[in-house]
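Have a look at the structure below, then the notes.
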Amino acid sequence: MSQMQENKLSTFDISGFQGDLIGWYSNEKRDLPWRLNRDPYRVWISEIMLQQTRVDTVIPFYNRFMEKFPTIQALADADEQEVLKAWEGLGYYSRARNLQTAAREVVALHEGKMPSVPKLLGALKGIGPYTKGAILSIAFGQPEPAVDGNVMRVLSRILEIDEDIALPKTRKTFEALVRALISHEDPSSFNQGLMELGALICTPQSPMCLFCPVQQHCRAFHTGRQLELPVKSKAKKKKTIRYAALLIHNSDGKVLIEKRPQTGLLAGLWQFPMIEMGVKGETLEGKAAKELGIGLEVGDKAGVLKHVFTHLIWEIDIFNAITTVAEPASERMRFVTMEEMEERPFPVSHQKMMPYLSREQ
DNA sequence: GAGACGTGGGG
DNA sequence: TCCCCAAGTCT
């Protein structure tokens, strides 16, 4: 820890802060499904789902997931497509794939029980520094830091830390601070209290300082700097990619879909074939025939769609098309009925295209 | 360390 | 419309 941070802690009322934070959390914490008990599996699933995702969004996914995969063994035994289907619409799909990989690791290496040793837990796929600390403190009661965006924002204000929280190295600063601040009597309530405070009171936009249980401990409130902190550098602009999406019907009344590659964007999910439309070039029909390996007749544009990801934008023109081909040329492509389509995981971008499917045939 | 990696909600 | 997010991790 730097000299400046040690100075800030030397005049800080640690036990008073712990008491006020934990007292508030005990009274005001939300009643959430993953707070039913401390079962490490339940805590683990919740922490993965909550990564970069709001509580209100997670709740229904969490309940359905726990019903479908009640144990680590059940998750390990499941088909990957089944797990992705349960994750459909939640985003960041590598979380689901890593989760199942880790479940299989736990079965193979730890007799099906979540390890409570930090190094073993952190070695599991998809469990980084934050999730490791969250599981260790919440499920196993260990005084380990669990530093997420909330914790960095809250502590930036309370201790007036001016480091850029967008920089990866900054997390280490806050882990050191939490190690100095954390309650050894109730590390779970301390860590969750910090996050709950960030979610309910010490929000990014308009923090409700007048209702804050640790207002008297907050340096930023006393200096009026709560709106300036935390320091966070801006993201860069997104790139736009233009596509034509093809809803290709055959004479059996089925529609052509393809499975995306096992790595990268939307890995392992299914979609309607898309043709990238760069600057000019061949006709859509010609490009489609070449890339898909089948002849087809493209109809009028059925609609347009804009889908915004974290780092890029898809602008998609949607076309219905007809082919006389009965079997796709590629292994990863299938002609399917509507019923068969619904069994497979699709990204939201392609769910939005389904209403444009031609009814006739 | 920078960039990839989803989605839906709010101001 | 646009920008900022929301309990991060992997490469």
Side-chain angles (χ1 to χ4, degrees), chain A residues 25 29-30 32-35 43-62 84 87-99 101-102 121-139 145-154 164-172 174-175 178 188 190-200 202-206 230 232-241 260-269 271 306-314 345-352:
Chain A
Y25 177 73
K29 65 180 174 189
R30 290 168 290 180
L32 300 171
W34 46 87
R35 289 179 176 163
V43 173
W44 177 30
I45 300 301
S46 74
E47 291 303 337
I48 300 297
M49 285 191 172
L50 285 164
Q51 288 170 10
Q52 304 290 284
T53 312
R54 287 184 164 74
V55 163
D56 289 344
T57 302
V58 166
I59 290 172
F61 282 90
Y62 180 81
L84 284 173
W87 213 267
E88 181 185 63
L90 195 52
Y92 285 138
Y93 298 95
S94 67
R95 290 183 296 174
R97 293 152 43 77
N98 291 341
L99 195 52
T101 298
L121 193 60
L124 297 172
K125 197 80 171 166
I127 297 187
Y130 163 75
T131 305
K132 178 173 69 172
I135 295 173
L136 288 172
S137 59
I138 298 170
V147 174
D148 70 341
N150 282 313
V151 172
M152 290 196 282
R153 181 175 62 258
V154 169
D164 182 354
I165 67 168
L167 299 178
K169 66 173 182 181
T170 301
R171 196 198 73 247
K172 299 184 199 298
F174 287 95
E175 283 176 348
V178 170
S188 170
F190 181 87
N191 279 343
Q192 292 193 79
L194 235 31
M195 293 188 275
E196 196 83 342
L197 189 67
L200 300 180
C202 195
T203 52
Q205 312 271 4
S206 314
K232 187 175 185 181
S233 54
K234 306 294 184 193
K236 48 178 260 187
K237 228 183 100 185
K238 310 180 202 303
K239 286 218 154 94
T240 297
I241 308 179
R260 294 181 60 87
Q262 286 298 103
T263 57
L265 184 64
L266 305 171
L269 276 68
Q271 67 177 16
K306 178 173 173 170
H307 195 79
V308 180
F309 296 92
T310 303
H311 60 297
L312 61 91
I313 299 172
W314 281 356
F346 279 75
V348 169
S349 53
H350 285 254
Q351 291 175 36
K352 290 178 182 168

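Every chain is numbered from 1 and lettered A, B, ... according to where its sequence line falls, protein lines coming before strand lines.
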Listed by chain and number, what are the salt bridge (charged side-chain N to carboxylate O under 4.0 Å, His left out) partners of A:Arg54, not counting sequence neighbours?
none
Heavy-atom donor-acceptor pair, A:Lys239 side chain to A:Ile313 backbone, under 3.5 Å:
no
Given DNA chain B, 5'-ward residue of the pair A:Lys169 and A:Leu265, judged by closest heavy atom
A:Lys169
With a 4.0 Å cut-off on heavy atoms, is A:Lys232 in touch with a base, just the backbone sugar-phosphate, or nothing at all?
sugar-phosphate
Rounded to the Å, how far apart are A:Trp87 CH2 and B:dT7 C1'?
13 Å
What's the shortest heavy-atom distance between A:His307 and A:Lys352, and which atoms?
ND1-NZ, 3.4 Å
At under 4.0 Å between heavy atoms, what does A:Gly198 touch on the DNA or RNA strands: base, sugar-phosphate, or nothing?
nothing
Over all atoms of both residues, closest heavy-atom pair of A:Glu196 and A:Arg35
OE1-NH2, 3.0 Å
Do we see a donor-acceptor contact under 3.5 Å between the side chains of A:Gln192 and A:Tyr25?
yes
Over all strands shown, is A:Thr131 touching base, sugar-phosphate only, or nothing at heavy-atom distances under 4.0 angstrom?
sugar-phosphate
Can you identify which nucleotide, out of B:dG3, C:dG8, C:dC10, has its nearest atom closest to the A:Lys236 side chain?
B:dG3
Any A:His307 side-chain N or O less than 4.0 Å from OP1/OP2 of B:dT7
yes
Spacing of A:Asn191 atom CG relative to C:dG8 atom P, expressed in whole Å
13 Å
So if I take every side-chain heavy atom of A:Gln52 and compare against B:dG6, B:dC5, C:dT9, which nucleotide ends up nearest?
B:dG6
May I ask you to verify whether the side chain of A:Thr53 and the base of B:dG8 hold a donor-acceptor pair under 3.5 Å?
no
For a quick check of understanding: with a heavy-atom distance under 4.0 Å over all strands, which category does A:Val308 fall into, base, sugar-phosphate or nothing?
base
If I take atom CD in residue A:Glu88 and atom P in nucleotide B:dT7, what distance separates them, rounded to the nearest angstrom?
10 Å
Name the nucleic acid region contacted by A:Ile127, choosing base, sugar-phosphate or nothing; use a 4.0 angstrom heavy-atom cut-off, strictly under.
sugar-phosphate
Table of protein N/O atoms under 3.5 Å from nucleotides 9-11 of chain B N/O atoms:
none

Within less than 4.0 Å of OP1 or OP2 of B:dC5, is there a side-chain N or O belonging to A:His311?
yes
A:Ile313 CD1 to B:dC5 P, in whole Å, measures 15 Å
Give every donor-acceptor pair under 3.5 Å between a side-chain atom in residues 121-139 of chain A and any protein atom, sequence neighbours left out.
unit_1, atom_1, unit_2, atom_2, d
A:Tyr130, OH, A:Glu47, OE1, 2.5
A:Thr131, OG1, A:Gln51, NE2, 2.9
A:Ser137, OG, A:Gly133, O, 2.8
A:Ser137, OG, A:Ala134, O, 3.2
A:Ser137, OG, A:Asn191, ND2, 3.0

Going by salt bridge (charged side-chain N to carboxylate O under 4.0 Å, His left out), name the residues that satisfy it together with A:Arg153, two or more places apart in sequence or in a different chain.
none
What interatomic distance, in whole Å, is found between P of C:dT11 and the corresponding atom of B:dG6?
13 Å
Nearest-Å distance, NZ (A:Lys237) to P (C:dT1)?
16 Å
Which nucleotide sits closest to the side chain of A:Tyr130: C:dG8, B:dT7, B:dG6?
C:dG8
For residues A:Ala146 and A:Val151, report the shortest heavy-atom separation together with the two atoms involved.
O-CG2, 3.5 Å
Run the side chain to side chain contact (heavy atoms under 4.5 Å, CB included) check on A:Glu88 and A:Phe346 step by step: do they pass?
CA-CA 7 Å; A:Glu88 181 185 63; A:Phe346 279 75; 3.9 Å; yes
Results of side-chain contact (heavy atoms from CB on, under 4.5 Å) for A:Ser233 - residues two or more places apart only:
A:Asp164, A:Ala166
Say you pick atom P in B:dG3 and the same atom in C:dC4; how far apart are they, in whole Å?
16 Å
Can you tell me if the side-chain N/O atoms of A:Lys125 get under 4.0 Å from OP1 or OP2 in C:dT11?
yes
Measure from CZ on A:Arg30 to P on C:dA6 and round the result to the nearest Å.
12 Å
Would you kindly give the CZ-to-C1' distance between A:Arg95 and C:dT9, to the nearest whole Å?
10 Å
Check whether any side-chain N or O of A:Tyr92 sits under 4.0 Å from OP1 or OP2 of B:dA4, and answer yes or no.
no
Walking DNA chain C from its 5' end, the first of A:Gly126 and A:Lys238 to be reached, judged by nearest nucleotide, is A:Lys238
Measure the CH2-CZ distance between A:Trp314 and A:Phe309 for me, rounded to the nearest 0.5 Å.
4.0 Å
How far does the C1' atom of B:dG1 sit from the matching atom of C:dA6, given to the nearest Å?
23 Å
Stems for DNA chain B (at least 3 consecutive Watson-Crick or G-U pairs, under 3.5 Å) come to B:2-5 with C:8-11, B:7-11 with C:2-6
Shortest non-hydrogen pair, A:Glu175 vs A:Val147, comes out as CG-CG2, 3.6 Å
Is A:Val55 touching bases, backbone alone, or none of the nucleic acid, heavy atoms closer than 4.0 Å?
base
Without decimals, in angstroms, what is the distance between A:Asp148 CG and C:dC5 P?
14 Å
NA contact type, A:Arg153, heavy-atom cut-off 4.0 Å: base, sugar-phosphate, or nothing?
sugar-phosphate
Classify the nucleic acid contact of A:Arg260 as base, sugar-phosphate or nothing, counting any heavy atom under 4.0 Å across all strands shown.
nothing
Describe the nucleic acid contact of A:Leu312 in one word from base, sugar-phosphate, nothing, applying a heavy-atom distance below 4.0 Å.
nothing
